[in-house]
Amino acid sequence: GNCCVGAFLPPAKANPMVNNQAAIRHFKKARSFCPAHAPADSLLPAVIDLSLAQALLLAKSIDLDMGKTPSELLADVFHRLRKIVLTKREEIILAQCYLMLGTSAFYSTHLSRELGGIYLEYARQQTLVVPSDIHFYSSISKELLSRDDFVRQIDYYAREMEQQTNHRR
């Protein structure tokens with residue numbers, strides 16, 4: 001699915017394989033293969049659902065089989081990830097989870113943007129404690145990024161959230 005899904009932010013290199021409908025099929029198949037009783041701290045089901053919601057949003061599609069809109073699915077992912085991060089200690093995993101929490105809030109109308117901003121700040125702080133030669137996989141652009149490029153993605157969303165919050169006032 002990650003090979004076919006479009007990116008919320010343009011990746012460094014264009015992906016000629018983008019086909020969000022195919023990505024949706026792949027993510028739904030992956031979702032069906034997840035154990036029904038996966039451990040509570042397993043990231044796999046949450047990451048699959050985040051990517052599925054991304055593909056659905058980019059395809060401007062709703063999956064009637066799931067019974068949730070992409071926004072509701074992102075809110076569900078957010079609530080699951082909040083519990084999962086409590087069990088994680090690895091800096092890279094925490095940074096990636098915090099980015100997923102922040103962007104879930106950014107793209108879901110069922111979550112507070114301010115809450116997303118808090119998690120983006122956590123992502124930024126967590127990322128900066130990792131050595132500069134470490135790379136991160138971005139759940140947003142579906143690519144491996146340098147630490148500095150990962151921070152740039154975090155900062156992009158933080159600025160967007162701040163601007164949207166200021167426009168509401």
On a heavy-atom basis, which atom in S138 and which in S141 lie closest, and how many Å separate them? OG-N, 3.1 Å
Please report the interatomic distance NE2(H79) to NZ(K83), rounded to the nearest 0.5 Å. 9.0 Å
Correct closest heavy-atom pair for S42 and I84 would be O-CD1, 3.3 Å
Got E162 and R159 here, is their nearest side-chain heavy-atom distance under 4.5 Å? no
Do D41 and K88 touch side chain to side chain, with heavy atoms closer than 4.5 Å? yes
Under 3.5 Å, side chain of R147 to main-chain N/O of V130, donor-acceptor pair present? yes
With distance as the sole test, does E72 use its side chain to make a donor-acceptor pair with the main-chain N or O of T69 at under 3.5 Å? yes
Closest non-hydrogen atom pair, G1 against F27: C-CZ, 3.3 Å
Within this structure, what is the CG-CD distance for the pair L145 and E143, rounded to the nearest 0.5 Å? 4.5 Å
For residues 90-101, dump all side-chain donor-acceptor pairs below 3.5 Å to protein atoms at least two apart in sequence or in another chain.
unit_1	atom_1	unit_2	atom_2	d
Q96	NE2	Y137	O	2.9

Any donor and acceptor pair, going by atom type alone, linking the side chain of N15 with main-chain N or O of C3 inside 3.5 Å? yes
If you group Ile, Leu, Val, Met, Phe, Trp and Tyr by side-chain heavy-atom gaps below 4.5 Å, do Y156 and L120 land in one group? yes
Quick one, L52 with I24, criterion side chain to side chain contact (heavy atoms under 4.5 Å, CB included). Give me CA distance, side-chain angles, the key distance, then yes/no. CA-CA 6 Å; L52 175 58; I24 291 167; 4.0 Å; yes
Between K142 and S139, is there a donor-acceptor pair closer than 3.5 Å when you use the side chain of the first and the backbone of the second? yes
Report the C-alpha separation of Q153 and F136 in whole Å, then their side-chain angles, then the decisive distance to 0.1 Å, and conclude whether the side chain to side chain contact (heavy atoms under 4.5 Å, CB included) test is met. CA-CA 11 Å; Q153 275 194 1; F136 293 80; over 6 Å; no
Return the minimal non-hydrogen interatomic distance between S71 and T109, and the atom names on each side. OG-N, 2.8 Å
Angle class for the F8/Y107 ring planes (parallel below 30°, perpendicular above 60°, tilted otherwise)? parallel
For a 4.5 angstrom cut-off between non-hydrogen side-chain atoms, does L56 reach M66? yes
If I take atom OG from residue S108 and atom CG from residue D76, how far apart are they, to the nearest 0.5 angstrom? 10.0 Å
Could you check if a side-chain atom of E121 sits within less than 4.5 angstrom of a side-chain atom of Q125, using non-hydrogen atoms only? yes
One should read off an interatomic distance between L50 CG and L81 CG, to the nearest 0.5 angstrom, of 7.5 Å
For side chain to side chain contact (heavy atoms under 4.5 Å, CB included), just list the numbers for S51 and H26, CA-CA rounded to whole Å, side-chain angles, deciding distance to a tenth of an Å, and then say yes or no. CA-CA 10 Å; S51 295; H26 290 300; over 6 Å; no
Check whether any side-chain heavy atom of L115 sits under 4.5 Å from a side-chain heavy atom of R82, and report yes or no. yes
Linked, directly or transitively: I154 and L144 (ILVMFWY side chains, under 4.5 Å): no
Remaining members of L64's ILVMFWY cluster at a side-chain heavy-atom cut-off under 4.5 Å? I62
Minimal heavy-atom distance between A7 and L58, with the atoms involved, is N-CD1, 3.9 Å
Pairs flagged by salt bridge (charged side-chain N to carboxylate O under 4.0 Å, His left out) wherever residues 45-55 is involved - sequence neighbours left out: R31-D49, D49-R80
Worked verdict on K28 versus D65 for salt bridge (Lys or Arg N to Asp or Glu O under 4.0 Å): CA-CA 10 Å; K28 284 180 69 177; D65 296 334; 3.0 Å; yes
Using distance alone, with no hydrogens and no angle criterion, decide if H135 and S146 have a side-chain donor and acceptor under 3.5 Å apart. no
Closest non-hydrogen atoms of N20 and G6, given as atom of the first, atom of the second and distance, are OD1-N, 2.8 Å
Can you tell which of D148, D149, D155 makes a side chain to side chain donor-acceptor pair (under 3.5 Å) with R152? D149
Walk me through it: do I140 and Y157 pass the test side chain to side chain contact (heavy atoms under 4.5 Å, CB included)? CA-CA 11 Å; I140 304 309; Y157 281 104; 3.2 Å; yes
T103 side-chain N/O to F106 backbone N/O, donor-acceptor pair under 3.5 Å: no
May I ask whether V151 and M161 are part of the same hydrophobic cluster, defined by side-chain heavy atoms of I, L, V, M, F, W, Y residues being less than 4.5 angstrom apart, directly or through others? no
